[in-house]
Amino acid sequence: MVAHLVRLKLALLRNGLRRSPWQVVAMVFGALYGLGALALVSFGLVGLAMSDSVVLKQAVLVVAGSALVLGWAVLPLVAFGVDATLDPARFVTFPIPRRRLLAGLGLSGLIGVPGAVTVLAVAGSAMVWWRSPAAVLVALLTGALAVALAVSASRATTTAAARALSGRRSREVTGVAVMLLLAVGYLLFGRLVTGELRADRLRESLSGVVDVLGWTPFGAAWQAPADVVAGHWSFVAARVGVLVVSLAVVVLVWDRALARALVQPLGEASGTGGSARGLGWFGVLPDRPLGAIAARSLTYWRRDPRYSTALLAVPLMPLAMWAFGVGEGVIALVPLLAAVMGWTLSTDTSSDGTALWLHVASPLRGVDDRAGRVLGAGAVMVPLLIALTVVLGVIAGHLADLPALLGGALGTLLTALGAASVMSALVVLRVQQAGENPFGTRQGASVVSVLGQLGGFLVVGVLALPGNLLGLLAVLWGSAALGWVALLVGVVLGAVLLVIGVRWGGHLIDRRGPVLLQQLVSVA
Amino acid sequence: MAGLAYRGPVTVPPPPPEPPVPPAPSPGPAQLSDPAATTPAGSLPVPALAVRGLWRSFGRKVAVAGIDLDVPRGSFYGLVGPNGAGKTTTLSMATGLLVPDAGRVLVHGRDLWADPTVKGTVGVLPDGLRLFDRLTGAQLITYAGLLQGLDRPTVAARTADLLAAVDLVADRDTLVVDYSAGMTKKVALACALVHAPSLLVLDEPFEAVDPISAANIRDLLASYVGSGGTVIVSSHVMDLVQRMCSHVAVIAGGRVLAAGTVEEVRAGASLEDRFVELVGGRTTGEGLAWLRTSSD
């Protein structure tokens with residue numbers, strides 16, 4: 001059975017690659033990335049192996065190893081989405097003894113680039129202790145335990161979370177909550193690091209951290225070899241005990257979650273249905289196709305977590321900069337924020353998914369489609385951006401330069417919206433479909449789409465340069481007049497580019513609407 | 001084709017091709033029994049939908065290999081075929097959702113792929129495509145109507161009527177994402193009807209719909225046909241097609257195997273038997289010997 005599941009995973013991988021050449025490209029890039037990471041790790045390990053300092057070895061290994069285990073346990077939830085290729089729910093109808101299913105799923109979790117890199121890196125890390133054969137042996141043993149723990153933990157969290165996240169509402173709320181938590185954690189970390197960043201205190205606090213981590217399930221495995229070198233065999237035994245006990249607990253949790261998942265497959269119904277009285281924006285905006293599309297857009301920016309999280313993420317960037325102690329320079333972020341915000345529209349058509357058929361089947365002018373989306377998005381983004389710019393201006397003490405800042409910000413936003421209107425009529429990207437975990441990444445996000453995104457972003461940067469340059473000069477020289485010029489130039493140029501983008505995008509939609517729909521069907 | 005003049009004194013006054021007009025109640029369906037409806041057009045009224053040499057392949061797989069169809073005005077046209085026969089592909093191309101590799105689609109004599117405004121005369125219910133499901137049922141129907149260029153009072157009145165007709169009044173303020181499969185089908189059908197098209201193209205409209213709603217929808221479609229509209233449905237359910245439809249086309253392997261009035265196509269047998277005969281592929285009754293359960 002175990003071999004069976006491993007073979008199944010391999011077969012899924014192979015068939016996925018056969019489906020499209022771009023999957024192969026993505027896989028190759030993934031493998032290259034993995035190899036690169038491995039090369040870096042080996043480099044570091046060789047350096048460590050050369051070193052004589054046991055303290056250094058244990059500090060680096062404990063911190064890095066703890067991050068590895070923690071990453072396995074938590075990242076699948078937020079960064080990669082729940083790996084659905086071997087979703088326990090798919091085995092519900094087969095009479096497979098749970099223990100074997102558990103072992104099979106666990107082993108197959110190691111297949112793939114992350115698993116391979118982890119195993120190789122952990123095996124390599126044992127060689128750091130080459131001066132003491134006993135330590136190498138212990139390192140291999142505890143490393144294997146740690147890998148088992150990491151994989152089981154990743155499975156346990158995803159299986160348990162799949163249940164918790166099964167309802168649409170709860171999934172969406174949890175998604176946003178997790179993101180906010182992560183953001184807060186990140187900010188606190190930033191504050192801590194910048195506060196503690198003095199070499200003497202850092203070393204002190206690091207050794208304290210290593211001591212504590214060494215007794216947690218995350219770090220025990222990497223501390224044990226150092227104990228061998230130091231001759232503390234009782235410590236080694238205790239750390240192995242920590243590992244074994246936590247592995248047992250994690251496997252038990254996973255087993256429970258799996259057992260529940262197998263007898264109660266996730267239902268569709270969430271119970272708490274969403275509703276809205278009346279017609280909302282549809283009753284307010286002009287009753288033209290343009291107004292209807294703007295109304296639909298506005299409704300989605302509020303109601304669809306994929307849109308709202310994209311917007312929520314924008315203010316986090318300057319917050320993070322501020323947390324890491326960037327002071328005045330924070331206003332340099334303003335155009336970047338505007339570009340990021342406006343560019344979110346480039347996935348608008350892709351986010352519709354196959355629901356786009358309603359537009360394609362209507363006698364709709366492409367220009368209306370593009371303009372409606374821009375109006376809907378703009379109604380949300382322009383006030384948000386103005387508010388952000390004002391807040392940042394106040395924080396940085398540059399309130400006097402507000403016209404210049406606003407010129408850069410609004411000019412860039414309008415330009416980005418225009419460019420995104422063209423982009424989203426040209427290219428279909430793999431994005432989360434409505435209802436999927438907004439933090440999951442779709443498998444095989446193709447290199448083409450990434451390159452296209454980067455290219456489009458560059459174009460926005462170049463096109464929005466005039467307003468931003470003027471704004472920069474105005475801030476540097478403290479010239480209020482130049483600031484107003486920057487505002488005028490930024491907004492007028494941005495508006496012109498926006499109109500061009502909307503018209504061009506509309507023309508593309510008129511010509512390629514059904515082709516776009518077909519691409520969306522094949523991506524979905 | 002496009003230049004053909006409309007004639008035929010016996011047909012009900014059909015909705016003019018432009019602009020879309022709700023089907024007005026009018027004296028009975030006269031064309032249903034027109035036996036000549038399936039012979040090549042020429043001396044006949046312009047069909048509601050004429051498909052000529054439609055072809056589409058996906059990669060190396062040919063999904064539709066040169067389909068010709070004439071759907072007479074005022075007919076209730078069934079499209080039947082085994083899984084993978086090319087029904088959905090054909091209907092997608094006939095409604096402007098999928099670009100054909102070759103061939104023409106004429107709706108009331110006007111080329112759908114040349115003139116996008118023709119889409120306003122067609123109501124579409126696709127199969128397997130999503131809806132803008134973060135809208136409530138009422139919002140979605142309103143959206144579909146406004147996209148077609150209707151004004152708000154008209155859309156509001158028709159939305160209320162349609163919600164009642166498909167039995168979704170109680171769920172008008174519920175998000176479509178929280179609808180059941182059958183309710184989703186029904187709201188999509190309402191979206192297809194809101195602009196009072198003269199041609200309705202429905203892909204698997206009865207899938208997952210409960211019997212009572214299905215009966216209501218059948219009545220609704222029958223009265224729509226009775227008032228001069230034309231309906232095309234695809235279905236797997238032969239019995240339903242035989243009872244409901246005036247015309248039928250059997251499609252398999254991307255080709256039309258038979259087309260005409262239901263009576264012509266079934267030629268005395270039941271439609272199901274005739275279908276099996278045409279399509280083939282029935283396995284013998286031997287079955288799987290090992291599947292017979294022993295009673296212990």
Side-chain angles (χ1 to χ4, degrees), chain A residues 168-169 268-293 295-296 299-300 302-307 352-366 368-369 372 433-435 510 512-515 517-518 520-522 524, chain B residues 19-20 58 92-93 95-100 113 115-126 128-156 159 171-181 188 191-192 195 201:
Chain A
R168 178 175 67 78
R169 265 289 127 144
E268 283 290 310
S270 59
T272 52
S275 71
R277 297 205 63 68
L279 289 179
W281 291 108
F282 291 96
V284 182
L285 294 177
D287 53 351
R288 296 278 135 66
L290 177 72
I293 290 167
R296 204 276 305 173
T299 314
Y300 264 56
R302 199 177 66 76
R303 218 180 262 165
D304 190 328
R306 293 174 301 160
Y307 290 77
D352 290 350
T354 54
L356 186 71
W357 74 265
L358 193 62
H359 289 206
V360 177
S362 303
L364 182 68
R365 294 188 312 150
D368 286 343
D369 175 292
Q433 294 299 299
D510 283 337
R512 316 182 53 244
V515 178
L517 177 63
Q518 189 52 35
L520 287 165
V521 168
S522 61
Chain B
F58 296 100
S92 299
M93 289 189 287
T95 50
L97 297 183
L98 178 65
V99 187
W113 283 98
D115 177 6
T117 60
V118 177
K119 289 176 180 172
T121 64
V122 185
V124 189
L125 171 66
L129 299 186
R130 283 172 174 272
L131 295 170
F132 286 105
D133 54 15
R134 300 287 155 150
L135 304 180
T136 66
Q139 280 177 334
L140 185 61
I141 302 172
T142 308
Y143 186 43
L146 293 176
L147 284 185
Q148 292 283 352
L150 302 178
D151 59 40
R152 195 172 357 248
T154 315
V155 174
T159 301
D171 302 292
R172 58 173 296 145
D173 289 332
T174 305
L175 298 194
V176 173
V177 67
D178 293 326
Y179 277 11
S180 71
C191 290
H195 56 294
V201 181

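In what follows, chains carry the letters A, B, and so on, assigned in the order in which the sequence lines appear, proteins first and then strands, with residues in each chain numbered from 1.
The parts of I293(A) that come within reach of chain B are both its backbone and its side chain, each placing non-hydrogen atoms under 4.5 angstrom from that chain. Contacts of L517(A) with chain B are made by side-chain atoms alone, with heavy-atom separations under 4.5 Å and no backbone atom involved.
Side chain of Y300(A) to backbone of R134(B): a donor-acceptor contact under 3.5 angstrom is found.
Within a 6.0 Å sphere centred on CH2 of W281(A), heavy atoms belonging to other residues, nucleotides or ligands number 12 at most.
Residue K119(B) comes nearest to V360(A) through the heavy atom pair NZ-O, 2.9 Å, listed as atom of the first residue, atom of the second, then distance. Residues L358(A) and A144(B) approach most closely at CD1-CB, 4.2 Å, considering heavy atoms. Heavy atoms only, all atoms of each residue included: P153(B) and D287(A) are closest at CD-OD2, 4.3 Å. Of all heavy-atom pairs spanning P363(A) and Q148(B), the tightest one is CD-OE1, 2.9 Å. What you find for T354(A) and R130(B) is that their closest heavy atoms are OG1-N, 2.8 Å. Scanning both residues, P514(A) and V99(B), for their nearest heavy atoms gives CB-CG2, 3.6 Å.
You'll find the side chain of R288(A) stays beyond 4.5 Å of the side chain of L146(B), heavy atoms only. Side-chain contact between L98(B) and Q518(A) is present, with at least one heavy-atom pair separated by less than 4.5 Å.
Here CG of L290(A) is found 11.0 Å from CG of L147(B). Values are rounded to the nearest 0.5 Å. Annotation: the span from L129(B) atom CG to L520(A) atom CG amounts to 10.0 Å, rounded to 0.5 Å.
Across L140(B), T142(B), V122(B), the residue that shares the most heavy-atom pairs under 4.5 angstrom with chain A is T142(B).
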Could you go step by step and tell me if T299(A) and F132(B) meet the side chain to side chain contact (heavy atoms under 4.5 Å, CB included) rule?
CA-CA 11 Å; T299(A) 314; F132(B) 286 105; over 6 Å; no

